[in-house]
Amino acid sequence: MKNISNISLSGKKVLIRVDFNVPLDEYFNITDDSRIRASLPTIKKVIQDGGKTIIMSHLGRPRNGFEERFSLKHIVKHLSDLLETSVGFSSDCIGENTSADIGNMKNGDILVLENLRFYTEEELGDPAFAKQLARLADVYVNDAFGTAHRAHASTAIIADYFPNEKYFGLLLSSEISSLKIALEKPKRPFTAIIGGDKITGKIDVVTSLFNKVDSLIIGGGMAYTFAKAMGGKIGNSLIEEDKVELAKSLIATAKEKGVRLLLPADSVNADAFNNDSNIQNSKITNVPDGFMGLDIGPKSITQFSKAILDSKTIIWNGPMGVFEMENFSNGTKKIGEAICKATENGAFSLVGGGDSVAAVKQFGFADKVSYISTGGGAMLEYLEGKELPGVVAIEN
Ligand code: AMP
């Protein structure tokens, strides 16, 4: 991959697209800085080479122009603390003032530009906007895996204006390398674990994984649509009625393709969607009326853990239950533990998707899996076999 590790950026103006879309509290404190930390190696490389680091990102979903709560000025101090050096800020991302701010930079300096999405042109992939961004620098680096599946101005279109000076950042190239380890020559058995609330949004990845994996574990809310498809009774559990037929056909496809489809055998049920509800366990196909399934039960944990421990390659996207509530976090925690154990035994494990990553961190597993992806949607699209515009733009 064309990444920056083997080139010198000395004296160059280097425009890096990062993903600083971090959660902020009401006082604009960053509540999870993983995405910022993940971009530090690339930024440090430019600093060490003696280049000028110009950082661009989006933050949140501004509707129409500037909104205080989405200003990237809120992250400048934290970035400066992490880098242990001063970081400048430009109150726009294009135009004369920004050009002037860049004109004042010295080699080794760092400047953060204002939120790209204050311009609607960003998400529209507007070439004129991309061109204005491109004018700011000599070299373009994409290090934003979280938005690599979007053909936005700063993630893909801009690359056209840097035919010979476009590169992957160190984060983006390690994300792709990790996914390639899992997809191109996975050590077998290869197991994928898909959870979360709904089948919608994950159906394409489930379908395409049938062509790659030996075992597919399904947990979380989507498992109840499968339980219904098997003729089960699921009480008030999450159900996507319009996906029941699809679930039936997925069960059939797994058989045809020789993929072991593992659905939860049992369910932890609650009479209300809160941690203090009355709780009981049942078969997943026999959830009583008035109860909803919010976690996988002990039999499922045993069965899933065994499959995971037998695996040599594991990918995980989506929690096994409502892990945010302690009483329904056990399934996700135990599956996480099994993944860590398998990794310790030599398996390659890759975790992605906002909620699974949050779970891995919540339970202290972050150092015990092989790779944590910073991109949920981008990871899913890559696993589906789709080309990511942000990747293609640099490769072509
Ligand atoms: P996703 O973004 O698709 O990975 O979904 C993550 C969300 O699914 C989390 O907020 C979980 O609380 C939720 N979830 C997992 N299992 C269930 C379940 N059995 N019922 C309802 N929500 C669930």
Side-chain angles (χ1 to χ4, degrees), residues 21 23 31-32 146 149 192-207 209 216-229 232-241 243-244 246-247 262-288 290-301 304 315-336 339 350-363 372-381 383-384:
N21 185 28
T31 54
D32 179 355
H149 58 316
I193 307 150
I194 303 290
D197 50 5
K198 292 191 182 134
I199 298 182
T200 311
K202 296 205 178 159
I203 178 63
D204 291 337
V205 75
V206 168
T207 311
L209 284 171
L216 182 66
I217 293 176
I218 302 256
M222 70 176 77
Y224 298 88
T225 300
F226 282 90
K228 181 101 189 241
K233 200 170 147 297
I234 59 163
N236 297 339
S237 308
L238 206 62
I239 174 75
E240 291 163 277
E241 292 287 359
K243 297 286 182 296
V244 174
L246 179 69
L262 295 171
L263 296 163
D266 51 355
S267 168
V268 177
N269 308 317
D271 63 354
F273 192 77
N274 69 57
N275 197 45
D276 304 321
S277 51
N278 294 309
I279 298 175
Q280 60 101 262
N281 288 9
S282 72
K283 277 186 170 177
I284 197 165
T285 46
N286 199 18
V287 179
F291 280 81
M292 63 185 88
L294 297 183
D295 196 7
I296 56 171
K299 284 190 186 131
S300 317
I301 292 173
F304 290 179
I315 51 179
W316 182 22
N317 183 302
M320 295 291 100
V322 184
F323 74 100
E324 298 92 333
M325 296 184 205
E326 183 163 10
N327 286 335
F328 311 107
S329 62
N330 193 44
T332 304
K333 188 172 172 200
K334 287 288 177 344
I335 292 317
I339 296 171
L350 193 157
V351 183
D355 284 299
S356 348
V357 173
V360 160
K361 287 186 185 155
Q362 181 177 319
F363 302 130
I372 297 185
S373 176
T374 55
M379 172 184 171
L380 288 177
E381 291 203 12
L383 293 175
E384 281 162 31

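Only this structure's heavy atoms are used, side chains among them; waters, hydrogens and symmetry mates stay out. Note that the coordinates shown come from a computational prediction; the quantities given were computed from them, not determined experimentally. One-based numbering, in listed order, for ligands and for the atoms of each.
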**Q** Using heavy atoms and a threshold below 4.0 Å, how should the contact between Y224 and ligand 1 be classified: side chain, backbone, both, or neither?
**A**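 Near ligand 1, Y224 shows its side chain, while the N, CA, C and O stay back.
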**Q** Provide, to 0.1 Å, the distance between atom 12 (O) of ligand 1 and the closest protein heavy atom, together with that atom's residue and name.
**A**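 In this structure, atom 12 (O) of ligand 1 has E324 OE1, 2.7 Å as its nearest protein heavy atom.
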**Q** For atom 4 (O) of ligand 1, what's the nearest protein heavy-atom neighbour? Residue, atom name and distance, please.
**A**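 Minimum-distance protein heavy atom for atom 4 (O) of ligand 1 reads K202 NZ, 3.0 Å.
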**Q** For atom 17 (C) of ligand 1, find the nearest protein heavy atom and state the residue, atom name and distance (0.1 Å precision).
**A**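 Its nearest protein heavy-atom neighbour is G221 N, 3.3 Å.
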**Q** How close does the nearest protein non-hydrogen atom get to atom 19 (N) of ligand 1, and which residue and atom is it?
**A**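 Answer, as residue, atom name and distance: G293 O, 3.0 Å.
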**Q** Rounded to the nearest 0.5 Å, what separation is found between the CG atom of N317 and the CG atom of L380?
**A**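 Interatomic distance, N317 CG to L380 CG, rounded to 0.5 Å: 4.5 Å.
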**Q** For side chain to side chain donor-acceptor pair (under 3.5 Å), just list the numbers for D271 and N278, CA-CA rounded to whole Å, side-chain angles, deciding distance to a tenth of an Å, and then say yes or no.
**A** CA-CA 6 Å; D271 63 354; N278 294 309; 2.7 Å; yes
**Q** Keeping S356 on the side-chain end and V351 on the backbone end, is there a donor-acceptor pair under 3.5 Å?
**A**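 Pair absent, no side-chain N/O of S356 close to backbone of V351.
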**Q** Could you list which atoms of ligand 1 come closer than 4.0 Å to a heavy atom of G220?
**A**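 So the atoms of ligand 1 that pass are 16 (N), 19 (N).
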**Q** If you have a sec, work out which protein heavy atom is nearest atom 22 (N) of ligand 1 and how many Å separate them, to one decimal?
**A**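 So the nearest neighbour among protein heavy atoms is V322 CG2, 3.6 Å.
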**Q** To check your reading of the model: name the closest protein heavy atom to atom 8 (O) of ligand 1, its residue, and the distance in Å.
**A**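 Nearest protein contact, heavy atoms only, for atom 8 (O) of ligand 1 is D197 N, 3.2 Å.
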**Q** Take atom NZ of K198 as the centre, draw a 6.0 Å sphere, and report whether it contains more than 12 heavy atoms from other residues, nucleotides or ligands.
**A**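 Result for NZ/K198: open.
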**Q** Under 4.0 Å, counting heavy atoms only: does P319 come that close to any atom of ligand 1?
**A**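 Contact check P319 vs ligand 1: positive.
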**Q** Indicate yes or no for a side-chain donor-acceptor contact from T332 to the backbone of M320 under 3.5 Å, with no hydrogens or angles considered.
**A**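 Flag set: sc T332 to bb M320 pair under 3.5 Å.
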**Q** Without swapping roles, check the side chain of S277 against the backbone of F273 for a donor-acceptor pair under 3.5 Å.
**A**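 No, because the side chain of S277 does not come within donor-acceptor range (under 3.5 Å) of the backbone of F273.
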**Q** Considering only protein heavy atoms, which is closest to atom 6 (C) of ligand 1, and at what distance to one decimal place?
**A**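 Scanning the protein heavy atoms, the shortest distance from atom 6 (C) of ligand 1 goes to D355 OD2, 3.2 Å.
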**Q** Is a side-chain N or O of S300 found less than 3.5 angstrom from the main chain of D266, in a donor-acceptor match?
**A**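 Here the side-chain-to-backbone pair exists.
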**Q** Counting heavy atoms only, name the option from G376, G219, G321, S237 that's nearest to atom 14 (N) of ligand 1.
**A**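 Minimum heavy-atom distance to atom 14 (N) of ligand 1 goes to G321.
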**Q** Taking N327's backbone N and O only, do any of them form a donor-acceptor pair with N275's side chain (distance below 3.5 Å, no angle check)?
**A**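 Present.
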